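Some notes on the structure that comes next.
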Amino acid sequence: MTQTGWPDYVFHPDYELPSLQYVERFIREHRHLPGVASEKEILKDGLDLGEMNKTLLQKIEELTLYVIDLKKEGAWQQEEIDGMKNK
């Protein structure tokens with residue numbers, strides 16, 4: 001089976017990346033990632049590996065965006081610290 005609808009939409013400027021606060025709350029409440037089937041659902045309905053690959057790629061792409069944002073934030077903070085040291 002060939003998959004369609006690959007999740008590169010995550011990199012589209014209009015994509016709304018869920019906040020990490022939302023993800024944390026969701027995990028605490030549901031014990032799995034948003035958009036990923038729970039163990040209970042998998043045991044009941046089975047697993048479509050192609051769909052799971054798409055979902056996992058979406059999560060990897062979202063993680064990549066979070067890491068990029070964190071790197072920018074860290075660089076900005078370092079600039080602020082360096083600026084304070086030079087005063």
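Owing to the predicted nature of the structure, the values given are computational and were not obtained by experimental measurement.
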Heavy-atom pair of closest approach, residues Leu57 and Trp6: CD2-NE1, 2.8 Å
Hphob cluster co-occupancy, Tyr15 + Leu20, side-chain heavy atoms under 4.5 angstrom: yes
Pairwise distance CD1(Ile42) to CG(Asp48) - rounded to 0.5 angstrom: 9.5 Å
Partner set under side-chain hydrogen bond (donor to acceptor under 3.5 Å, both in side chains) for Glu80, not counting sequence neighbours: none
ILVMFWY cluster, Ile60 and Leu33 together (side-chain gap under 4.5 Å): no
Residues that Glu51 engages under salt bridge (Lys or Arg N to Asp or Glu O under 4.0 Å), provided they are two or more places apart: Lys54
Gap separating the CD atom of Glu29 from the CZ atom of Arg31, nearest 0.5 angstrom: 10.0 Å
Side chain to side chain contact (heavy atoms under 4.5 Å, CB included) between Asp14 and Tyr9, worked out: CA-CA 9 Å; Asp14 293 337; Tyr9 55 82; over 6 Å; no
Worked verdict on Ile81 versus Lys85 for side chain to side chain contact (heavy atoms under 4.5 Å, CB included): CA-CA 6 Å; Ile81 290 168; Lys85 285 182 182 178; 3.8 Å; yes
Aromatic plane relationship, His32 with Phe26 - under 30° parallel, 30 to 60° tilted, over 60° perpendicular: perpendicular
Where Val36 and Lys59 come nearest, the two heavy atoms and their spacing: CG2-CE, 3.9 Å
From Met52 atom CE to Thr55 atom OG1, the distance as rounded to the nearest 0.5 Å: 6.0 Å
Exercise: identify the closest heavy-atom pair between Val23 and Pro18: CG2-CB, 4.0 Å
Interatomic spacing from CG in Asp8 to CD in Glu61 - rounded to 0.5 Å: 5.0 Å
Linked, directly or transitively: Leu63 and Leu17 (ILVMFWY side chains, under 4.5 Å): yes
